[in-house]
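First the structure, in the form of structure tokens, and then the observations on it.
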Amino acid sequence: MKEYSTQDIRNVVLLGSTKSGKTTLSEAMLYEGKVIDRRGTVEDKNTVSDFDELEKLNQRSIYATPLYAEFMAKKINIIDAPGSDDFIGGAVAATRVCENGVLVVNAQQGVEVGTRNMIRFAKQYSLPLIVAVNQLDGEKADWENTMAGIKDQLGSKAINIQFPTSTGAGFDGFVDVLMMKYYHFKDANGTREDLEIPAEFADQAEEARQELIEKAAEFDDTLMEKFFEVGSLTEDEIRKGLAIGIANCEVCPIFCVSAKKDIGVKRLLEFTKNVSIAPKCDDTKPASLFIYKTILEPHLGEVSYFKVMSGVVTAGMDVEDPETANKERFSAIYAVAGTKKESVQALRAGDFGCVVKLKNGKSNNTLCAVGAGISHEKIVYPAPKYRCAIKAKVQQDEQKLGDALKKISSQDPTVVVEYSKELRQTILSGNGEQHINIVKWSLNNEYKVDVELFAPKVPYRETITKVATAMYRHKKQSGGAGQFGEVSLLVCPADGPLNTKFKIDGKETQLNVKTQESADLDWGGKLEFYNCVVGGAIDLGFMPAILKGIKERMVEGPLTGSYARDIRVFVYDGKMHPVDSKEIAFIIAGRNAFKEAFRNAGPKILEPIYNVEVLTPSEYQGAVMSDIQNRRGILGDLGADKDFSILKARIPLAELYRYSTALSSLTSGSASFTMEFADYQPVPGDVQAKLLEAYAATDTED
């Protein structure tokens, strides 16, 4: 392979719903780019893109696969991104390194939820889009309906470059209004005839051409002036105007494609070469690269896929991680098309490549020339929407499981693994149940660890609603030195202004604060601690021990063992022994006095509440709303976006386990949702009673 300059490189990510035909399109692009001489199919499990065993088993893209085509003296780097929301991390990473997007729309299905999600996704990341309407040869292909859906979503940005002369099994050509030609395809291998536009389509072509010219003229004053003077523009002038509009995300040109028959793919590549954006990189600066993906490949080990962000990366060069100063040497670098890896001597700024077996080559890392100190912004991935607890079926495999999960999450940053000390569980989070099942498959088959997935505990919180007092005396005598400590304390909610006048033992009592401490707790909320002891009943030196005991009990709350929060504690009396009073005695006395007072202070369990936003076809709105209410959810704003409903609700985390799966089942896979932590709220009385009953059997007195 020759070395390509930055200006001769185009980077394109293929986006679209599952089954829109992105992988088949990528196969045709590679065929036109002479990377392969025979096109594979998803059904035959022999495509360049979906080469992973899991992808073959599922017949769908799970990972974002880098490819390339050498086409008309340009190198077009292509990333075939997964269409499922469960694997959105691949699309996010690809968008980070590609300047252009091709939105693939299935003409048999029209604009699907996945299509809409990808349009919103592209808008969020300011990704210019070209639209490829695929599967026009399908028996259910509906050009008019698909175009209506596209224009409904993209508005005036959508502009036709082409339109088909027929759809369905007879689809064999289209009119291109930029070139003002009729392209006819004689076979299923992209053999194209360039013909005059048939007379019956001449008026339609002229009208579409005029719309295209007007759109192209909008983005350049010189073109606008010429359009007003002459009423037309040349092909090159139209391309110039469109290039500006595309770069500004103001134009989305629409193309006709049958990827399966290689119809229109070459023309799509021609437009990509001529009009899409070249990388905004500088090959005169010191070398740096950004690793957007790592994956474990059979017989190779860990492969790190990168984009050259500046300078020139060469085989044999030394690089370093600018954050850690750890150094690496690239023994070899490769241009990549799926499993095909071609050794190259150099890759210039803007180009894609890979390297194997790096020590520091993890996803989301920068490597640069030694001493250059260049660092590139990391990818911010969407928050996980599915969480579960995980453990090894065999206790002896726990360490092996931990090591495997660490490797998996380093390769896929959307897999989040954390050990919760609070819940005493390892929590595995991802973008959906399918995503997590892929992780489980990898653990079982690649790392040889059998695991169990189950519902995680809920991180409840405990607090109080009224004032209560308690006294606890710890006395222990066992032949030698004894232990003695007595603590009387009062608890109340830590809200509103500080009040120090309370009724204690039936008498109005004014507490005089001697010392105080206030702390924001790691798990949210606060603890306020006031020493109000008079007359030396408890030595000041024992106050830290009492506070320590209280904090220990707040870590494992008296109701369910969950963290306690938002409490004021007043220690107002107690007793010491001149010999037996020790720190441990007051730790125990403080802990148990707090526990007793807490239980008498109108204790409440708080549960985490999440803001959930669901995007669903309007026909499923009632079913989704009913399901939310069955999950103790409180419905909020109800909105609409064309033929979709937007439902906002507050739902307890305890009711969200496997929600992504349930929502998919309710809506035939056509809905999507996001969730974000909102706050903590008291659980209903019946729920609290069940939680208390479940915990009572496990709680033991100190």
Checklist entry - Within the distance-only criterion (no hydrogens, no angle test), does the side chain of Arg39 pair as donor or acceptor with the backbone N or O of Ile36 below 3.5 angstrom? => result no
Next on the checklist: Would you call the rings of Phe87 and His435 parallel, tilted or perpendicular, taking 30° and 60° as the class edges?
Outcome noted: perpendicular
Checklist entry - Is Leu647 close to Leu638 at the side-chain level, that is, under 4.5 Å between some pair of heavy atoms? => result yes
Item to check | Steps toward side-chain contact (heavy atoms from CB on, under 4.5 Å) verdict (Glu3, Gln345) | outcome: CA-CA 8 Å; Glu3 184 179 325; Gln345 287 304 304; over 6 Å; no
Checklist entry - Do Val336 and Leu67 have side chains that get closer than 4.5 Å, going by heavy atoms? => result no
Checklist entry - Between the side chain of Thr95 and the main-chain N/O of Ala91, is any donor-acceptor distance below 3.5 Å? => result yes
Next on the checklist: Any side-chain to backbone donor/acceptor pair from Asp152 onto Ala148? Under 3.5 Å, distance only.
Outcome noted: no
Checklist entry - Any cation-pi pair here, Lys307 with Phe290, using under 6.0 Å and within 45°? => result no
Checklist entry - Does anything in residues 196-217 pair up under salt bridge (Lys or Arg N to Asp or Glu O under 4.0 Å), and if so which pairs, sequence neighbours excluded? => result Lys215-Glu218
Next on the checklist: Check this for me: does any side-chain nitrogen of one of Glu235 and Lys240 sit under 4.0 Å from a carboxylate oxygen of the other?
Outcome noted: no
Checklist entry - Less than 4.0 Å between a side-chain N and a carboxylate O, is that true for Arg192 and Asp194? => result yes
Next on the checklist: Could you check whether any side-chain heavy atom of Tyr68 comes within less than 4.5 Å of a side-chain heavy atom of Met1, counting everything from C-beta outward?
Outcome noted: yes
Checklist entry - Could you walk me through whether Asn77 and Asn11 pass the side chain to side chain donor-acceptor pair (under 3.5 Å) check? => result CA-CA 5 Å; Asn77 289 310; Asn11 299 320; 2.9 Å; yes
Quick one: side chains of residues 172-186, donor-acceptor pairs under 3.5 Å with protein atoms, not counting sequence neighbours, listed by atom name and distance.
| unit_1 | atom_1 | unit_2 | atom_2 | d |
| --- | --- | --- | --- | --- |
| Asp172 | OD2 | His184 | NE2 | 3.2 |
| Asp176 | OD1 | Leu178 | N | 3.0 |
| Asp176 | OD1 | Met179 | N | 3.0 |
| Asp176 | OD2 | Gln162 | NE2 | 3.1 |
| Asp176 | OD2 | Arg267 | NE | 2.7 |
| Asp176 | OD2 | Arg267 | NH2 | 3.4 |
| His184 | ND1 | Glu193 | OE1 | 2.8 |

Checklist entry - So, Asp85 and Lys385, do they make that salt bridge, N to O below 4.0 Å? => result yes
Next on the checklist: With heavy-atom distances below 4.5 Å as the criterion, would you say the side chains of Asn364 and Tyr381 are in contact?
Outcome noted: yes
Checklist entry - Hey, mind stepping through Asp142 and Thr146 against side chain to side chain donor-acceptor pair (under 3.5 Å) and telling me if it holds? => result CA-CA 6 Å; Asp142 188 333; Thr146 301; 5.7 Å; no
Item to check | Asp236 and Arg239 ion-paired at < 4.0 Å | outcome: yes
Checklist outcome for this item: Residues at least two apart in sequence or cross-chain that pass side chain to side chain contact (heavy atoms under 4.5 Å, CB included) with Asp8, listed by chain then number, are Tyr4, Ser5, Lys74
Item to check | Candidate pair Asn106 and Lys140, rule side chain to side chain donor-acceptor pair (under 3.5 Å), full reasoning | outcome: CA-CA 10 Å; Asn106 184 346; Lys140 296 180 181 179; over 6 Å; no
Checklist entry - Are any side-chain N or O atoms of Gln135 and backbone N or O atoms of Lys19, one a donor and one an acceptor, separated by less than 3.5 Å? => result yes
Next on the checklist: Among Thr41, Asp80, Thr47, exactly one meets side chain to side chain donor-acceptor pair (under 3.5 Å) together with Thr23. Which residue is that?
Outcome noted: Asp80
Item to check | From CA spacing to verdict: side chain to side chain donor-acceptor pair (under 3.5 Å), Thr284, Asp282 | outcome: CA-CA 6 Å; Thr284 66; Asp282 189 342; 2.5 Å; yes
Next on the checklist: Determine whether a donor-acceptor pair (N or O, by modelled atom type, separation under 3.5 Å) exists between the side chain of Ser276 and the backbone of Thr272.
Outcome noted: yes
Checklist entry - Any donor and acceptor pair, going by atom type alone, linking the side chain of Ser126 with main-chain N or O of Ala122 inside 3.5 Å? => result no
Checklist entry - What distance separates Lys157 NZ from Ile119 CD1, expressed to the nearest 0.5 Å? => result 10.0 Å
Checklist entry - Yes or no on side-chain contact (heavy atoms from CB on, under 4.5 Å) for Phe644 and Thr616, after CA distance, side-chain angles and deciding distance? => result CA-CA 5 Å; Phe644 280 74; Thr616 177; 5.7 Å; no
Item to check | Test item: Asn248 side-chain N/O and Glu250 main-chain N/O as donor-acceptor pair under 3.5 Å | outcome: no
Checklist entry - Can you find a heavy atom in the side chain of Leu615 that is under 4.5 Å from one in the side chain of Phe673? => result no
Checklist entry - Can you tell me if CG on Asp221 sees more than 12 non-hydrogen neighbours from other groups inside 6.0 Å? => result no
Next on the checklist: By the definition side-chain contact (heavy atoms from CB on, under 4.5 Å), identify the one residue from Leu242, Val251, Ile246 that meets it with Phe219.
Outcome noted: Val251
Checklist entry - Out of curiosity, Leu14 CG to Lys22 NZ, how far, rounded to the nearest 0.5 Å? => result 8.0 Å
Checklist entry - Could you go step by step and tell me if Lys260 and Asp137 meet the salt bridge (Lys or Arg N to Asp or Glu O under 4.0 Å) rule? => result CA-CA 9 Å; Lys260 186 176 181 179; Asp137 57 321; 5.8 Å; no
Checklist entry - Under the side-chain contact (heavy atoms from CB on, under 4.5 Å) criterion, do Thr222 and Phe227 qualify, and how do the steps go? => result CA-CA 9 Å; Thr222 303; Phe227 172 67; over 6 Å; no
Next on the checklist: Rounded at 0.5 Å granularity, tell me how far NZ in Lys151 sits from SG in Cys252.
Outcome noted: 12.0 Å
Checklist entry - Quick check: does any side chain N or O of Ser20 sit under 3.5 Å from a backbone N or O of Ser17, one acting as donor and the other as acceptor? => result yes
Item to check | Approximate separation, where rounding is to 0.5 Å, of Ile295 CD1 and Cys354 SG | outcome: 11.5 Å
Checklist entry - Taking C-beta and beyond as the side chain, do Glu619 and Thr667 meet within less than 4.5 Å on heavy atoms? => result no
Checklist entry - So, does Asp220 use its side chain to make a donor-acceptor pair with the main chain of Leu223 at under 3.5 Å? => result yes
Next on the checklist: With rounding to the nearest 0.5 angstrom, report the CG to CD1 distance, Asp86 to Ile62.
Outcome noted: 10.0 Å
Next on the checklist: Heavy-atom count check: over 12 atoms from other residues, nucleotides or ligands less than 6.0 Å from Asp44 CG?
Outcome noted: yes
Item to check | Audit row: Tyr31, Glu27, side-chain contact (heavy atoms from CB on, under 4.5 Å) steps and yes/no | outcome: CA-CA 6 Å; Tyr31 177 75; Glu27 197 77 2; over 6 Å; no
Next on the checklist: Any non-hydrogen side-chain atom of Val257 less than 4.5 Å from a side-chain atom of Ile263?
Outcome noted: no
Checklist entry - Does a side-chain N-to-carboxylate-O contact under 4.0 Å join Arg60 and Asp50? => result no
Checklist entry - Are Glu237 and Lys226 close enough, and set up right, to give a salt bridge (Lys or Arg N to Asp or Glu O under 4.0 Å), and what steps lead you there? => result CA-CA 10 Å; Glu237 288 169 336; Lys226 180 177 179 182; 2.9 Å; yes
Checklist entry - Between Tyr292 and Phe306, is the gap from one ring center to the other below 6.0 Å? => result no
Next on the checklist: Taking the side chain as everything from C-beta on, heavy atoms only, tell me whether Lys340 gets closer than 4.5 Å to Val48.
Outcome noted: no
Checklist entry - Donor-acceptor pair, Ser61 side chain versus Pro82 backbone, under 3.5 Å? => result no
Next on the checklist: For a quick check under 3.5 Å, do Thr294 and Ser304 share a side-chain donor-acceptor pair by atom type?
Outcome noted: no
